[in-house]
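What follows is a single structure, written as structure tokens, with notes after it.
Just so you know, these numbers use all the heavy atoms, side chains as well, and skip hydrogens, waters and symmetry mates.
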Amino acid sequence: MVNQSPARGPSSPVIHRSVTPEDDTSKRIPPAVPGSDIIGDVVGDFGIWQLRTILILFLCKIPAAWFMACIIFTGPELYPVSEFTCDTSYLEDSNASYSVSDNQCYVLEESSGSRSECQQFTYMSSFDSLIMQFNLVCLRDIFVAWTQYWHLFGVLVGGVVGTKMMLGISPRSTYCVGAVAQIVCGVVTGYARDFSLHCAFRCLSAVCCAIMFTAGQAIFADITAGVHRIGAIILYDTFWSVGVILLPGLSSFFNSWSLIYVGITFPTVLLILLLYWTPDSPRWLLRRAADRFAIDHVEEIVREGAAINDRTFKIPPDFRQQLEQLSEQLKAQPAPAPWRQLWVGKRAKTHMVAAHLALAFFVINFMGMLLNIRSFGRDYLVPNTIAMGFSEIIGCFLALHFTLKHNKWKWQCAGVFNILAGMLGCLGWIWTNADSMDADLKVSLWMIIATIPKAAVSCAQSMILACMNELVPANKKQLFVFSVVTWARIWLLSAPFFNVLKKIDTALSLTSYCVFSILGGICTTLLLTPRLSVTPAVPQVEANDKKEQSPLNAAVWTIKSDVNNTRL
């Protein structure tokens, strides 16, 4: 491995000079690029230390999934007559004759023929749900969409807040702040007895979840490198899916929506305790090191990682000096390019439009299709939720397969998969009017054609979030990722309202998401990772520049450590 002189930063011009024997020590100082600097050389790209950290940080995705999908079980559908009836005792004119509609939502005055909404209900359900708490049994679909809107708005705000917090607070401290605040907000959400207060704290809980998984990814993306980092980011969502799979079992232990919120909040306490074995981001600390104590802390972190990975022999005698020089390099890095520069360059406009649209379509589909399983009936919620969780996991591993085995055409593989899966999902209209068909068979067929697009969307979304920074030069990566993710989360706010289409037809809401899958697949096929030439662009190139142009070190295999691919 040939290293680069510390006199040249990662974005500095090449300085040709003679190398003397006195320069031998400084020559070992590589540029501030993950996996090629002193930290990467000592701890390695991946090992037991990184694996332990990744598994701990991945756990934050489980409560994040619980807070997003808990509405499926905290606000289930209630059956009229058998579980709720309209109580007409509130009507003042007791001499008049009233009748109640079959759905128990309207009161008809027989003498005048006028109709009014029922204002009071009697509930016979054994489960104390949110619908009963706020007396919204006849407005359930609108209520679910509205409360879910505030959760997704919290995810949008949390991603931005988490990113901005890490400008001045270390990722580990940011993660801890989000975890503590999530415990407080989660408990308050579960015991709020006012509808507006419930929505407000559900939004704040989502903000805390987004802060946690944004900061968590910043940590494990900094201590891993190469294909291991790509794999970790792609598989980040698998623990989200594990949370979705576990949610039905967790909900079955409680008979009240308040207790469900307490149940999904309590595990976050364990995440705080696990922070004892979770390191901070070493390069973040070096970039903002103000005194020798900060360097001491980084040295302690890296030495611990090297010891766990059995790589202490990689620690050089001048380790402390190299960390100090790396700190200076990181501080001297140029500012990211302005947003308007993202549109400049070969295929830049195509990548900007395609990436923004593709991720927007996919995140709407990813969240909305999970909530849409409610349209298949309350009796099938548990198996359908579990099936959706497993399809998401399959999609993540498909994304990893495409990236590692078909890297050159991975975007086209994911795009075509979504186009074909979306077309399959549109076949739900075939049996939507088959009233004679067995109900179990009809739901099974609907779920089959829903899980395949769900896996395809999970595949493409994970790939975009992990690999989209390959599409732009190094100085544009951070802003490009932030722009694409924030844009997608803005459009994600519309996801809950597409589920209202089930009032027209169950196949209509499913088809709307499948159309998004097709459109997202088309946009994904337009993406193309730039291939770096092995031939030097200038006649005289230093050895380290040749290394950087090697296909093994191309952008497709590396991600800047300061790029925080904020996740959903």
Quiz item: If you measure from CG on Asp222 to OG1 on Thr53, what distance do you get to the nearest 0.5 Å?
Solution: 11.0 Å

Quiz prompt | Leu492 side chain near Leu156 side chain, heavy-atom distance below 4.5 Å | solution = no

Quiz item: Partners of Ser483 by side chain to side chain donor-acceptor pair (under 3.5 Å), sequence neighbours excluded?
Solution: Trp339, His356

Quiz prompt | Approximate separation, where rounding is to 0.5 Å, of Tyr236 OH and Leu465 CG | solution = 11.5 Å

Quiz item: With distance as the sole criterion, is a donor-acceptor pair present between the side chains of Tyr149 and Arg202 under 3.5 Å?
Solution: no

Quiz item: Going by atom types only, do Gln50 and Thr224 share a side-chain donor-acceptor pair under 3.5 Å?
Solution: no

Exercise. Check whether any side-chain heavy atom of Ser458 lies under 4.5 Å from a side-chain heavy atom of Phe362, and answer yes or no.
Key: no

Exercise. Evaluate the ring planes of Phe376 and Trp446, with Trp represented by its six-membered ring, and classify them as parallel (under 30°), tilted (30 to 60°) or perpendicular (over 60°).
Key: parallel

Quiz item: In chain order, what residues pass the salt bridge (charged side-chain N to carboxylate O under 4.0 Å, His left out) check against Arg52, with sequence neighbours excluded?
Solution: Glu304

Quiz prompt | Exceeds 12 heavy-atom contacts within 6.0 angstrom, atom CZ of Phe153 | solution = no

Quiz item: Could you go step by step and tell me if Phe58 and Phe220 meet the ring pair (Phe, Tyr, Trp, His ring centres under 6.0 Å) rule?
Solution: CA-CA 9 Å; Phe58 274 22; Phe220 73 72; 5.5 Å; yes

Self-check item: Modelled atom types, side-chain donor and acceptor of Gln412 and Thr525, under 3.5 Å
Solution: no

Quiz item: Does the side chain of Ser173 come under 3.5 Å of the side chain of Ser170 through a donor N or O and an acceptor N or O?
Solution: yes

Exercise. State whether a side-chain donor-acceptor pair under 3.5 Å links Ser241 with Glu392.
Key: yes

Practice problem: Could you please spell out the steps behind the side-chain contact (heavy atoms from CB on, under 4.5 Å) verdict for Leu285 and Ile301? | Solution: CA-CA 11 Å; Leu285 295 173; Ile301 292 174; 3.8 Å; yes

Self-check item: Geometric cation-pi criterion Lys410 and Phe402, 6.0 Å radius, 45° cone
Solution: no

Practice problem: State, yes or no, whether a side-chain contact exists between Lys454 and Tyr513 at a heavy-atom distance under 4.5 Å. | Solution: no

Self-check item: Cation-pi, Phe482 ring and Lys164 (6.0 angstrom, 45 degrees)
Solution: yes

Quiz item: Is the number of heavy atoms from other residues, nucleotides or ligands within 6.0 Å of CZ (Phe497) greater than 12?
Solution: yes

